[in-house]
Amino acid sequence: MKSGLYVGYQETLEFDVTEDMCPEFGGQRVHATLSTVSLVYYMEWVARRVILPFLEPHEEGIGAAVEVRHAAPAPVGTRVRLLAEVTECSQSKVICKVSAEHKLAQVGYGSVVQAILPREKILERIDGMRICSESH
């Protein structure tokens with residue numbers, strides 16, 4: 001990784017909750033609010049924004065862990081703001097605490113861990129999994 005990333009570094013992201021972000025199981029919509037799956041997606045995205053300016057051309061970040069508490073609903077049409085703040089960083093790992101909120105409540109909070117690896121190593125690992133899955 002390039003130098004400059006530090007504990008306390010922050011990135012933000014905002015989005016409006018849309019119909020396609022609602023929880024749905026087996027074709028049945030549960031309710032008209034942000035799903036936990038969508039919340040996790042945006043938390044990973046804001047954490048990724050933290051590492052992007054610091055990746056070397058031969059590097060990539062890969063999700064290693066996500067811990068999320070979904071604390072309040074965000075109905076369709078609500079504007080949600082996310083914040084990711086670095087709590088730990090090294091050449092091979094970045095940990096961010098993440099939070100999401102709207103005007104009335106904290107929607108969720110947690111942490112995202114990203115491993116920083118050479119792209120080549122990631123591709124080799126993916127290819128290795130293809131070989132394993134084809135032989136079974």
[X] and [Y]: same hydrophobic cluster, using ILVMFWY side-chain contacts below 4.5 Å?
X     : Y     : value
Val46 : Val17 : yes
Val80 : Val40 : yes
Tyr41 : Val37 : no
Trp45 : Leu52 : no

Residue list, ring-ring contact (aromatic ring centres under 6.0 Å, His included) with Tyr6, at least two apart or on another chain: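 Here the qualifying residues are Tyr9.
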Pairwise salt bridge (Lys or Arg N to Asp or Glu O under 4.0 Å) hits with a residue in residues 22-42, at least two apart: Glu19-Arg29
About how many Å separate [atom2] of [Y] and [atom1] of [X], when rounded to the nearest 0.5 Å?
X      : Y      : atom1 : atom2 : answer
Leu83  : Glu85  : CG    : CD    : 6.5 Å
Thr12  : Arg49  : OG1   : CZ    : 6.0 Å
Cys96  : Ile51  : SG    : CD1   : 8.5 Å
Ile126 : Lys121 : CD1   : NZ    : 13.0 Å
Met21  : Thr33  : CE    : OG1   : 11.5 Å

Is there a side chain to side chain contact (heavy atoms under 4.5 Å, CB included) between Val98 and Leu82? Walk through the geometry before answering. CA-CA 7 Å; Val98 291; Leu82 290 103; 5.9 Å; no
Student check: side-chain heavy atoms of [X] and [Y] closer than 4.5 Å:
X     : Y     : answer
Thr78 : Asp16 : no
Leu13 : Tyr42 : yes
Val66 : Val68 : yes
Val76 : Cys22 : yes

side-chain hydrogen bond (donor to acceptor under 3.5 Å, both in side chains) contacts touching residues 61-75 (sequence neighbours left out):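 Checked against side-chain hydrogen bond (donor to acceptor under 3.5 Å, both in side chains) - neighbours excluded - the pairs reaching residues 61-75 are Thr36-His70.
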Does anything in residues 91-102 pair up under side-chain hydrogen bond (donor to acceptor under 3.5 Å, both in side chains), and if so which pairs, sequence neighbours excluded?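 Sorted pair list comes back empty.
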Would you say that more than 12 heavy atoms from the other residues, nucleotides or ligands in this model lie under 6.0 Å from the NZ of Lys2, or not? yes
Give the table of side-chain donor-acceptor pairs shorter than 3.5 Å for residues 53-64, with sequence neighbours excluded, one pair per line with atom names and distance.
unit_1 : atom_1 : unit_2 : atom_2 : d
Glu59  : OE1    : Met1   : N      : 3.1
Glu59  : OE1    : Glu56  : N      : 2.8
Glu59  : OE2    : Met1   : N      : 2.7
Glu60  : OE1    : Arg48  : NH2    : 3.4
Glu60  : OE1    : Arg119 : NH1    : 3.4
Glu60  : OE2    : Arg48  : NH1    : 2.8
Glu60  : OE2    : Arg48  : NH2    : 3.1

Please tabulate, for side-chain N and O atoms in residues 106-118, each donor-acceptor pair with protein atoms closer than 3.5 Å (sequence neighbours left out).
unit_1 : atom_1 : unit_2 : atom_2 : d
Gln114 : NE2    : Ala47  : O      : 3.0

